[in-house]
Amino acid sequence: MENTVKKVNVRVGDTVLILAGNYKGKKGKIISVDPEHNTCKVEGVNIVTKHKKMRRQGEKSELKKMEGSINISNVQIVCGKCGKATRVAHKIENDVKHRVCQKCGNVLDKKFVKAKAKDAEKQEAETANKEEVAKKPLQRREVKHVAESTIKKTAAKKADAEATTKEVK
Ligand SMILES: [Zn+2]
């Protein structure tokens, strides 16, 4: 199992609570995840100073402050609904696996929520289409009716024309 990439429960954009270390108790957004090393970077957490040295003329040597990696086991996702730091449960709905809050059951994957909303829209559109289809036969009947009346009229005209030609004879 050494070369397999571990599956992690956190994703970029998640809000997490820091459970240990100097930043314990702080909340922040995940800006990157490294499943291979089981680490992540959280906005404003574990700020480290990188020394950037001048390489070319015109460049400046500077100290750059940026987020350092922290272990994923030291963060816990914060549920957007109940606001609690929670462990993640997995649920499968419509063949899609998604993450839910273990405390309140709120779906944590925004993508999944969006997809679900889209599906609902699709279904609504489909039912609307069905209603339109139900209306269509009526329209067809109307068209047929009109067509029949015009045929009758032309037939009557023909008969008239025939009658007049007969009279002439
Ligand atoms: Zn929750």
Side-chain angles (χ1 to χ4, degrees), residues 1-140:
M1 292 285 277
E2 256 179 46
N3 284 324
T4 54
V5 173
K6 257 191 172 180
K7 280 192 177 175
V8 292
N9 285 331
V10 291
R11 265 163 229 174
V12 173
D14 285 344
T15 304
V16 292
L17 176 73
I18 313 301
L19 300 175
N22 290 337
Y23 291 83
K24 190 176 172 179
K26 212 181 164 200
K27 278 179 195 173
K29 248 189 190 173
I30 290 193
I31 49 175
S32 75
V33 176
D34 183 353
E36 213 174 312
H37 298 101
N38 200 35
T39 59
C40 63
K41 286 178 183 176
V42 181
E43 211 172 49
V45 170
N46 196 22
I47 300 296
V48 291
T49 312
K50 293 257 169 158
H51 300 259
K52 196 187 168 204
K53 213 181 169 191
M54 186 188 85
R55 306 269 180 217
R56 272 182 248 148
Q57 228 170 10
E59 264 185 3
K60 270 184 190 170
S61 294
E62 58 181 347
L63 299 176
K64 223 180 170 186
K65 290 199 166 171
M66 57 195 298
E67 284 87 356
S69 302
I70 53 172
N71 203 292
I72 283 175
S73 61
N74 288 336
V75 303
Q76 214 167 38
I77 192 161
V78 175
C79 173
K81 200 181 175 189
C82 64
K84 286 175 192 159
T86 177
R87 286 177 65 195
V88 171
H90 290 102
K91 251 189 178 179
I92 296 170
E93 197 177 313
N94 303 339
D95 294 330
V96 183
K97 196 174 173 188
H98 60 278
R99 304 172 301 158
V100 295
C101 168
Q102 218 172 43
K103 288 187 174 154
C104 73
N106 179 40
V107 178
L108 297 169
D109 290 327
K110 281 166 198 158
K111 260 190 191 171
F112 179 79
V113 174
K114 269 186 195 168
K116 217 177 163 186
K118 251 190 188 175
D119 274 357
E121 258 177 45
K122 245 190 199 173
Q123 273 186 350
E124 259 176 47
E126 268 171 27
T127 47
N129 270 340
K130 271 179 197 167
E131 274 168 25
E132 264 177 40
V133 168
K135 274 179 197 166
K136 260 181 189 169
L138 266 179
Q139 287 168 349
R140 261 187 226 135

**Message:** Between Ile77 and Leu108, does the side-chain contact (heavy atoms from CB on, under 4.5 Å) criterion hold? Intermediate values first, please.
**Reply:** CA-CA 9 Å; Ile77 192 161; Leu108 297 169; 4.1 Å; yes
Do the side chain of [X] and the main chain of [Y] share a donor and acceptor less than 3.5 angstrom apart?
X	Y	value
Thr127	Gln123	yes
Lys84	Cys101	no
Asp14	Arg11	yes
Asp109	Arg99	yes
Asn71	Ser73	yes

**Request:** Only one of Ile70, Leu19, Thr15 passes side chain to side chain contact (heavy atoms under 4.5 Å, CB included) with Val75; say which it is.
**Result:** Ile70
**Message:** Looking at Asn22, I want to see if its CG is surrounded by more than 12 non-hydrogen atoms of other residues, nucleotides or ligands under 6.0 Å.
**Reply:** no
**Request:** May I ask you to check whether over 12 heavy atoms, not counting those of Lys29, lie within 6.0 Å of atom NZ?
**Result:** no
For residues 43-51, tabulate all N or O donor-acceptor pairs below 3.5 Å that involve a side-chain atom, not counting sequence neighbours.
from: Asn46; atom 1: ND2; to: Ser69; atom 2: O; distance (Å): 3.0

**Prompt:** If you look at every heavy atom in Lys103 and Cys82, which pair is closest and at what distance?
**Reply:** CB-SG, 4.5 Å
**Prompt:** Where do Met54 and Arg56 come nearest, in terms of heavy atoms and distance?
**Reply:** CG-O, 3.2 Å
Drop me the distance from [X]'s [atom1] to [Y]'s [atom2], to the nearest 0.5 angstrom.
X	Y	atom1	atom2	value
Glu126	Glu131	CD	CD	12.5 Å
Lys53	Glu59	NZ	CD	12.5 Å
Lys114	Lys118	NZ	NZ	9.0 Å
Asn74	Leu17	CG	CG	11.0 Å

Any side-chain heavy-atom pair from [X] and [Y] closer than 4.5 angstrom?
X	Y	result
Ile31	Glu67	yes
Asn38	Val8	yes
Val16	Val10	yes
Asn106	Val100	no

**Message:** Test side-chain contact (heavy atoms from CB on, under 4.5 Å) on Ile72 and Val33; report intermediate values, then the result.
**Reply:** CA-CA 9 Å; Ile72 283 175; Val33 176; 4.0 Å; yes
**Request:** Return the set of residues passing ring pair (Phe, Tyr, Trp, His ring centres under 6.0 Å) with Phe112 (not counting sequence neighbours), or none when no residue passes.
**Result:** His98
Which residues satisfy the side-chain hydrogen bond (donor to acceptor under 3.5 Å, both in side chains) test with [X], sequence neighbours excluded?
X	value
Ser32	none
Glu62	none
Lys116	Glu93
Asp34	His37

**Request:** Begin from the C-alpha positions of Lys91 and Lys97 and carry the test side-chain contact (heavy atoms from CB on, under 4.5 Å) through to its verdict.
**Result:** CA-CA 6 Å; Lys91 251 189 178 179; Lys97 196 174 173 188; over 6 Å; no
**Asked** So Gln76 and Thr86, side-chain contact (heavy atoms from CB on, under 4.5 Å) or not? Walk me through it.
**Response** CA-CA 6 Å; Gln76 214 167 38; Thr86 177; 5.8 Å; no
